[in-house]
Amino acid sequence: MRITAVLSSAALSMMANTKNTKNVAMHWFRKGLRLQDNPALLHALETAKKSDEGRLYPVYVMDGDCYQLKHCSALKANFLVECLIDLDKSLKDVGSRLYVVSGDPTKELPALWEDWDVTHLTFEADETGEPYAKARDESVMNLCEEKGIEVESFCSETIFPLGDYVKKSGGLAKVPATMGKFQGIFGKMGKVPKPLNAPTKEDFKPIIDKEQAKETKGKMLPPKRATDLPWPRDTPKADATPIWGPKDCKNLTPITRGGESKAQESLSKSMAKAAWVAGFEKPKTSCTSLAPSTTSISPYMSVGCLSPRTVWHAISNAVAQAPASAPKSKPPVSLHGQMLWRDFNNLIAHSANQDNPGSWGKMEGNKYCREVPWSENERFLTAWKNGETGYPWIDACMKQLETEGWIHHLGRHAVACFLTRGDLWQSWEGGALHFEGQLLDADYALNGFNWLWLSCSGFFYQYFRCYSPVAFQKKNDPHGHYIKKWVPALKNMPAKYIYEPWKAPASVQQTAGVKIGKDYPLPIVDHALESKENMNRMKEAYAAYKAGGSKAPSPTKKKTPPPKEAAPAKKKRKVQQTLKL
DNA sequence: ATGACGTTGGAGCG
DNA sequence: CGCTCCAACGTCAT
């Protein structure tokens, strides 16, 4: 479970004299914003308890450059703060608290170590190799070594440590690149360990130091309220409207606020529907229902308010409680399957970054990503982001994203396909970046994987299977309730035209109180034409990839550039103006 | 070589 | 609803 242990000579000599030494542990929260099933936190606690007057400081660092908040929506920032507030509350319930500091972790942590005479540091490992986290953690570990602080990181972000999957696969080169293969590896990993209990008041009792508060020297910001945290810009207050479940929609169950306690509630609520859990098939869940048709625990997973092992066993328990007659689904579509996808994607991100550091999340140099000569059209990307493509189903999804920070998985498929290989032929990187900032559940590994998949850049190659921005949802939501909710301009548009409002005769538009082209945009491109043309482009890109030495790609070296006369990608496209059909 | 398969396509048909 | 076909994918088992 533990993957690193840097022991300096100073730390070693300290350990030799444990009796006379005061163990001062710090647990550094980054993700893993929970008490339950938190091996690193428990280890810190045990360390502190080993010595008389031992202490434990739970710390969160809001990066001075606001890494956590810089690229994200106010909604997402709010969610993170709510998680911290909840964590602080839970820690207070057991006699401790959370210290939140603002600044560069490599500056702020050493200052705190000094102030508090910290001897031990723990944190949850980031195994994916996300560049920011990797650089940060390496620096901090080096500092620990310098200052004689014992540091240990623990793998609890995935069901099994990614390194163990690699070993079981027979090395990095053999890491599975398909779900089926991954399931095979997973099956060899043994039983999923039971999650660890959250520490209790009793656990904390021996180490509670009433003087802690005085030692902060003005450096700590008690996270009682969102406004006490260092904001880079205007953000909603923690007590603002619930992030999910806008007030104007009565039918929507107010779902989540950030934090482990809310996460547990949400999980229990889903798991109570035992038969539903047992029969869950992801592709059959609705992406147009006004309330989520899935568990919607993903935002909690992404910041670690829930551990994957906890969720895994919760699913197992629910399935066991389902009636014997209830249909049972299986991976990859079942709920267990969803957990497998998560570990699989993390393993892939890890593998890509091991091969070429920082390559995951990018096209160039990413061993899993084919190079495709996407075009660059700022207007297209902006229209997509703003939900102004003129395709109501696409725009509705993008509006939901903006408003709630969440879209159903299949909605994500539709908009991702539309931006890339389907219609707009824009690089998936721009889309991924937008998702990363907007989605409450944005996850480095999963986001990248899904963008590769949907853009047919990796893992999925059937580019001739293309989502239609019109047809795809017509069968599920023929009246367009979902569209009417998220694109209010079309709320009076008759169902007949709701997916293709530009086809509505002028009189119909007038009655509906919307003039297409003025109150709601005309379609940004002609899907029928562009999707066909893009399939040809994709075919060319694949051919170029094959010709360009796909056999032995040198990860760090740039592959041969896309076809020289791939002029079509550059060709200026005209907005469709004549729309009568 | 060939065919089955791959978490979730669309259109047309009965 | 389920079936077939659609120009078009790559991977793996046989």
Side-chain angles (χ1 to χ4, degrees), chain A residues 169 173-186 279-289 292-295 298 315 327-345 348 367-372 391 393-394 397 407-418 420-423 446 449-478 499-500 526-551 553 568 581:
Chain A
S169 306
K174 293 186 183 169
V175 161
T178 65
M179 181 58 171
K181 276 273 158 58
F182 177 75
Q183 283 174 243
I185 299 296
F186 185 85
F280 184 94
E281 290 183 50
K282 185 65 167 277
K284 291 191 180 164
T285 57
S286 165
C287 52
T288 44
S289 71
S293 58
T294 48
T295 64
S298 54
I315 296 167
K328 307 277 196 302
S329 58
K330 279 195 184 139
V333 296
S334 65
L335 275 177
H336 273 146
Q338 304 310 301
M339 299 306 292
L340 292 180
W341 279 103
R342 186 176 173 280
D343 271 32
F344 173 43
N345 290 186
I348 292 288
K367 72 170 172 177
Y368 292 109
C369 184
R370 294 189 172 192
E371 297 208 0
V372 175
Y391 283 96
W393 156 242
I394 300 298
C397 286
I407 329 176
H408 184 277
H409 190 61
L410 288 178
R412 301 181 196 196
H413 275 215
V415 300
C417 181
F418 188 87
T420 58
R421 68 182 169 91
D423 296 81
L446 277 61
F449 184 93
N450 283 300
W451 277 97
L452 289 193
W453 185 288
L454 266 304
S455 65
C456 282
S457 302
F459 310 106
F460 178 81
Y461 306 98
Q462 291 161 266
Y463 57 76
F464 41 89
R465 285 196 182 175
C466 179
Y467 289 92
S468 159
V470 172
F472 183 54
Q473 280 318 311
K474 250 184 186 169
K475 52 184 181 292
N476 295 335
D477 184 14
Y499 286 90
E500 299 166 285
D526 181 331
H527 171 74
L529 293 180
E530 291 302 320
S531 58
K532 278 278 179 299
E533 197 176 328
N534 288 343
M535 283 178 200
N536 288 328
R537 290 184 178 129
M538 202 48 98
K539 188 175 183 160
E540 281 176 38
Y542 278 19
Y545 168 82
K546 263 177 141 175
S550 63
K551 300 276 164 56
L581 280 172

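Each chain gets a letter, A, B and so on, in the order its sequence line appears, and its residues count up from 1.
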- Is there a donor-acceptor contact under 3.5 Å linking the side chains of A/E533 and A/N536? no

- Item | Heavy-atom side-chain proximity of A/Y391 to A/Y499 below 4.5 angstrom | no

- Are A/F344 and A/F186 close enough that some pair of their side-chain heavy atoms sits under 4.5 Å apart? no

- Message: Can you tell me which nucleotide in B/dG9, B/dA11, B/dT8 comes closest to the side chain of A/F472?
- Response: B/dG9

- Message: For a quick check of understanding: with a heavy-atom distance under 4.0 Å over all strands, which category does A/Y542 fall into, base, sugar-phosphate or nothing?
- Response: sugar-phosphate

- Within a radius of less than 6.0 Å around NZ of A/K475, do more than 12 heavy atoms belonging to other residues, nucleotides or ligands occur? yes

- When you measure from the side chain of A/K181, which nucleotide among C/dG10, C/dA13, B/dT7 comes out closest? C/dA13

- Between B/dG10, C/dA8, B/dT7, which nucleotide has the shortest distance from any of its atoms to the side chain of A/M179? B/dT7

- Message: From C-beta outward on A/Q462, which listed nucleotide comes closest to its side chain: C/dG10, B/dG6, B/dT8?
- Response: B/dG6

- Starting at CH2 of A/W453 and ending at C1' of C/dT11, how long is that distance when rounded to a whole Å? 13 Å

- Taking the side chain of A/P332 as heavy atoms from C-beta outward, which of B/dT7, C/dG10, B/dA11 is closest to it? B/dT7

- Query: For A/K475 and B/dG10, is the shortest distance between a side-chain N/O and OP1 or OP2 below 4.0 Å?
  - Reply: yes

- Describe the nucleic acid contact of A/K532 in one word from base, sugar-phosphate, nothing, applying a heavy-atom distance below 4.0 Å. base

- Task: For nucleotides B/dA1 and C/dA7, find the distance between their P atoms and express it as a whole number of Å.
- Result: 25 Å

- Note on the structure: Out of C/dA8, C/dG10, B/dT8, minimum distance to the side chain of A/N536 belongs to C/dA8

- Which nucleotide in the set B/dT7, B/dG6, B/dG9 lies at the smallest distance from any side-chain heavy atom of A/R465? B/dG9

- B/dT7 pyrimidine/purine six-ring stacking with A/W341, under 5.5 Å and 30°: yes

- Note on the structure: Partner of C/dA7 under the Watson-Crick or G-U wobble criteria, both distances under 3.5 Å, comes out as none

- Query: Once you round it to whole Å, what is the distance between C1' of B/dT7 and CZ of A/R342?
  - Reply: 18 Å

- Message: Just the rounded figure in Å: distance from P of B/dT8 to CZ of A/F280.
- Response: 15 Å

- Query: In whole Å, what separates the C1' atom of C/dT4 from that of B/dT7?
  - Reply: 22 Å

- Item | Pair A/H408-A/T294, side-chain donor/acceptor within less than 3.5 Å | no

- Note on the structure: A/K546 NZ to C/dA8 P, in whole Å, measures 13 Å

- Of all the nucleotides listed (C/dC9, B/dT7, B/dT8), which has the minimum atom distance to the side chain of A/Y463? C/dC9

- Message: Rounding to an integer number of Å, can you tell me how far A/E530 CD sits from B/dG10 P?
- Response: 18 Å

- Using whole Å, report how far NZ of A/K174 lies from P of C/dC12. 13 Å

- CG of A/N534 to NE2 of A/H527: how many Å apart, nearest 0.5 Å? 9.5 Å

- Whole-Å distance separating the CD atom of A/Q183 from the C1' atom of B/dC5: 13 Å

- Item | Separation of atom CZ in A/R537 from atom P in C/dC9, rounded to whole Å | 18 Å

